[in-house]
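Both backbone and side-chain heavy atoms feed into the values below; hydrogens, waters and symmetry mates do not. Residue numbers begin at 1 in each chain, while the letters A, B, ... track the order of the sequences. Worth saying up front: this structure is predicted, and the values here are computed from it rather than measured.
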Amino acid sequence: MYVYDEFDQTLLNERVAEFSDQIKRRLSGELSEEEFRPLRLMNGTYLQLHAYMLRISIPYGTLSSKKLRMLAHIARRYDRGYGHFTTRQNLQFHWIKLEDLPNAMADLASAGLHGIQTSGNCVRNISTDQWAGVARDEIADPRIYAEILRQHLTLHPEFSFLPRKFKIGITGAAHDRAAVKMHDIGLWLRRGPNGELGFEVAVGGGLGRTPYLAETIRGFCPSRDLLGYVEAILRVYNRYGRRDNIWKARIKILVHDLGVAKFRDEVEAEFEASKDYAPVLDERLVAEITRRFHYPNFENVEDNPPELQAAFHDARFRTWYFNAVAPHRVPGHAIVTISLKPVGLTPGDCTADQMEALADFADQYGYGEIRNGHEQNLCLPSVRQRDLPALWRKLDAVGLALSNVNLITDIIACPGLDYCSLANARAIPVAMEISKRFADPDLQRNIGRLHINISGCINACGHHHIGHIGILGVEKQGQEFYQITLGGKADENAKLGTLIGPSVPFDKVADVIEDVVAAYIELRERPEEIFIDTVRRVGIQPFKERVYAVR
Amino acid sequence: MRFVKDGRAAEDPYRRVADDASLPDGVPVLLTGERFLADAAALASRAAPVGVIWPNNREIEELAPHLAHLAAIALAFPTFRDGRAYSQARLLRERYHYRGELRATGQVLRDQFLFMLRAGFTAFEIAKDGDADHFADAVHRYTRFYQPSADRRPVIAAVRQPPTPQRKSA
Ligand code: HEM
Ligand code: SF4
């Protein structure tokens, strides 16, 4: 993982001093709330229904055990003993006091953690594949480029007051685990004609009120032009993006209004005009950043060691293994996903005790590294296969050996009306109720891969548009109602879901989901045909009939 | 309103002249874009400095042919959240090599001084008087920067020593 040097650390410390001073000026009244707002936002501090919320950046989803322990400390010392992992590789604390923030920020900075640019109209935390560096299907480690972009765009003198927030996603793998097409800029690592590294560049993705998938404007941008090209996109956006209407301010609207072809021409012209002086990503800089990424000293071990084979006699272990363990690029190792979706609890929540336990397991079995992905789960990216049985027993003891990864109870949900001041409806209780209905592990396995995404309002923090089943909270005459969509997809074949009909009230959502799932079981051609493939084959009509026939 | 130029509190030597008013002799003036462009040829030979007030929604490229005759360009921040003038400033400095005064006007607040300075601004019409006293702290708040910019302060990449190898890299 990337190791901060004294320069990175100095900048962080200076940031804490600056923000502490801003908080002091806010508390003394020297700064109005209106003036303070963008400053706190750029440090990840929101004002929510009950308290301030602090959003901590987990760059490219990579945490060291030391950082995770620090997050546990913050949870315990300044919050209510837990934190909440989001869909964009951030962690949120929902119960922070403004007076405590300077100390909390200083503690975080001592472990290299911060909330810089986790909100506000600037370039946000850059997200990547949580399996970066260990996946088998990867051209190169996208975190190197995520870190280069992070550095370049931190406190950027031109792009810190954009029309709206700006999100970049990168993947280096064939299978997109980072929902790249949902980003303002989506980057795929590609090889050029002479084998050189570069990027396919797409722009204008984003969900919310007007969902769009990012469209490619450059098939191949050589790595050395990456910074210049991204600056050209940001400059076109900063100059011409709409600022008169917050709902039309994202780059997706500009791209859509101009048309992708025209937008691309603008960017290419801007890039051409700045060629002589635009920042160049030379190989020296790439090498320098690469060197700062410390990779584990992988042990020389074999696949399928006897310890693992012996453990297969235990049916519970076997179930967990086939659900939560994925192949690693290094022999004798495995990637372990840790579901944060226990039945009946809040998706993405993690207690301080669990964080500390995970940090210990990571040190013991996983080269001290933990990852966080967009599904609101964690992962130990590099575990020796022979240690899997021992790890499983320990995870089980702290309630983290769940076998529902990618199953119907692995629900992505935003905080909704329980915390969020923008919400129309609750999201967490909907997730809890659905997970209770489908709690039976055999039932979940029988249903197979199925992603449910829930958002409490049109801002789409829960990515409902790209859930196989999407659930969106709306308000109707002061009541919580929910629109259901089917057929969304987040990966390299990303698709937006289709609304199946009129919205349903809070207490009927789980019933509807049960009907949809029952219809799927009847409609699927064979058990291996997963939900999304059935929807694609038969369309939404049969589901619609099933759901609304009885209502 | 207080004025800071090149890092120091100063008197603003420029007079803003309305479009229908006559030009005062021997005094530096700030004119609107319309007036400046209409009279550009005549103004080029004016002895006293001429500056232009340029809105943030008009193409900065229009000024390019006239930069040699402009002593000051005043760019606008209608609210501090509206960051278009940062792009205009950088274009003027980097693409058009403009060397004159670049002035920030509008809601120019302490917490943005540093961004403005790094984008190439050299003069500041400071919205809140109290903020002017903190100009120096505000622009020296950070000593390390990741990206090169108009203020030419050293960037982290340039000052980094090659680290001593610690562990094997894969
Ligand atoms: C509780 C405090 C939160 C607030 C006030 C909030 C607010 C917002 C708003 C206003 C937007 C829409 C911005 C736009 O499209 O212009 C947004 C987008 C988003 N939020 Fe949140 N959010 C919160 C928490 C979360 C959490 C907990 C998650 C993850 C579970 C999350 C993930 C996202 C994502 C992924 C988007 C982008 C959706 C897109 O692609 O358009 N947010 N948020
Ligand atoms: S989707 Fe709406 S309700 Fe949910 S967290 Fe985002 S803003 Fe709040």
Gln147(B) versus Pro157(A): any side-chain heavy-atom pair under 4.5 Å? yes
All heavy atoms of Arg144(B) vs all of Phe7(A), minimum pair found to be NE-CD2, 3.4 Å
Inter-residue atom distance Tyr240(A).OH - Ser87(B).OG, 0.5 Å rounding: 9.0 Å
What residues of residues 9-22 of chain A sit under 4.5 Å from chain B when you count only heavy atoms? Thr10(A), Leu11(A), Glu14(A), Arg15(A), Ala17(A), Glu18(A), Asp21(A), Gln22(A)
Let's test your reading of the structure: which of Arg235(A), Glu30(A), Arg150(A) forms the most heavy-atom pairs below 4.5 Å with chain B? Arg235(A)
Taking the side chain as C-beta and beyond, is there a heavy-atom pair between Asp8(A) and Tyr146(B) under 4.5 Å? yes
Interchain contact, Ala273(A) with chain B, by part (heavy-atom threshold 4.5 Å): both
Test Arg239(A) against Ile60(B) for side-chain contact (heavy atoms from CB on, under 4.5 Å), laying out the working first. CA-CA 10 Å; Arg239(A) 295 182 76 184; Ile60(B) 201 73; 4.0 Å; yes
For the interface with chain A, which of Asp137(B), Leu91(B), Asn56(B) has the highest count of heavy-atom pairs at distances below 4.5 Å? Leu91(B)
For Asn300(A), I'd like to know if atom CG has over 12 heavy atoms of other residues, nucleotides or ligands within 6.0 Å. no
For a salt bridge (Lys or Arg N to Asp or Glu O under 4.0 Å) check, start with the C-alpha distance between Glu231(A) and Arg90(B), then their side-chain angles and the critical distance, and finish with the verdict. CA-CA 12 Å; Glu231(A) 283 209 345; Arg90(B) 249 189 104 194; 3.1 Å; yes
Would you be so kind as to tabulate the donor-acceptor pairs closer than 3.5 Å made by side chains of residues 65-80 of chain B, with sequence neighbours excluded?
| from | atom 1 | to | atom 2 | distance (Å) |
| --- | --- | --- | --- | --- |
| Thr79(B) | OG1 | Arg81(B) | N | 3.0 |
| Thr79(B) | OG1 | Asp82(B) | N | 3.4 |

Side chain, backbone, both or neither of Asn238(A) within contact of chain B (heavy atoms, under 4.5 Å): both
At a 4.5 Å cut-off on heavy atoms, which part of Ser160(A) comes close to chain B: side chain, backbone, both, or neither? side chain
For the residue pair Glu270(A) and Arg95(B), establish whether any side-chain heavy-atom pair is separated by less than 4.5 Å. yes
At under 4.5 Å between heavy atoms, what parts of residues 6-20 of chain B are in contact with chain A? List them by residue number. none
Going by residue number, which parts of residues 109-131 of chain B are within reach of chain A, meaning a heavy-atom gap below 4.5 Å? Leu109(B), Arg110(B), Asp111(B), Gln112(B), Phe115(B), Arg118(B), Ala119(B), Lys128(B)
Within a 6.0 Å radius of atom CZ on Arg224(A), are there more than 12 heavy atoms belonging to other residues, nucleotides or ligands? no
Quick check for you: to the nearest 0.5 Å, what is the distance between Leu155(A) atom CG and Ser149(B) atom OG? 11.0 Å
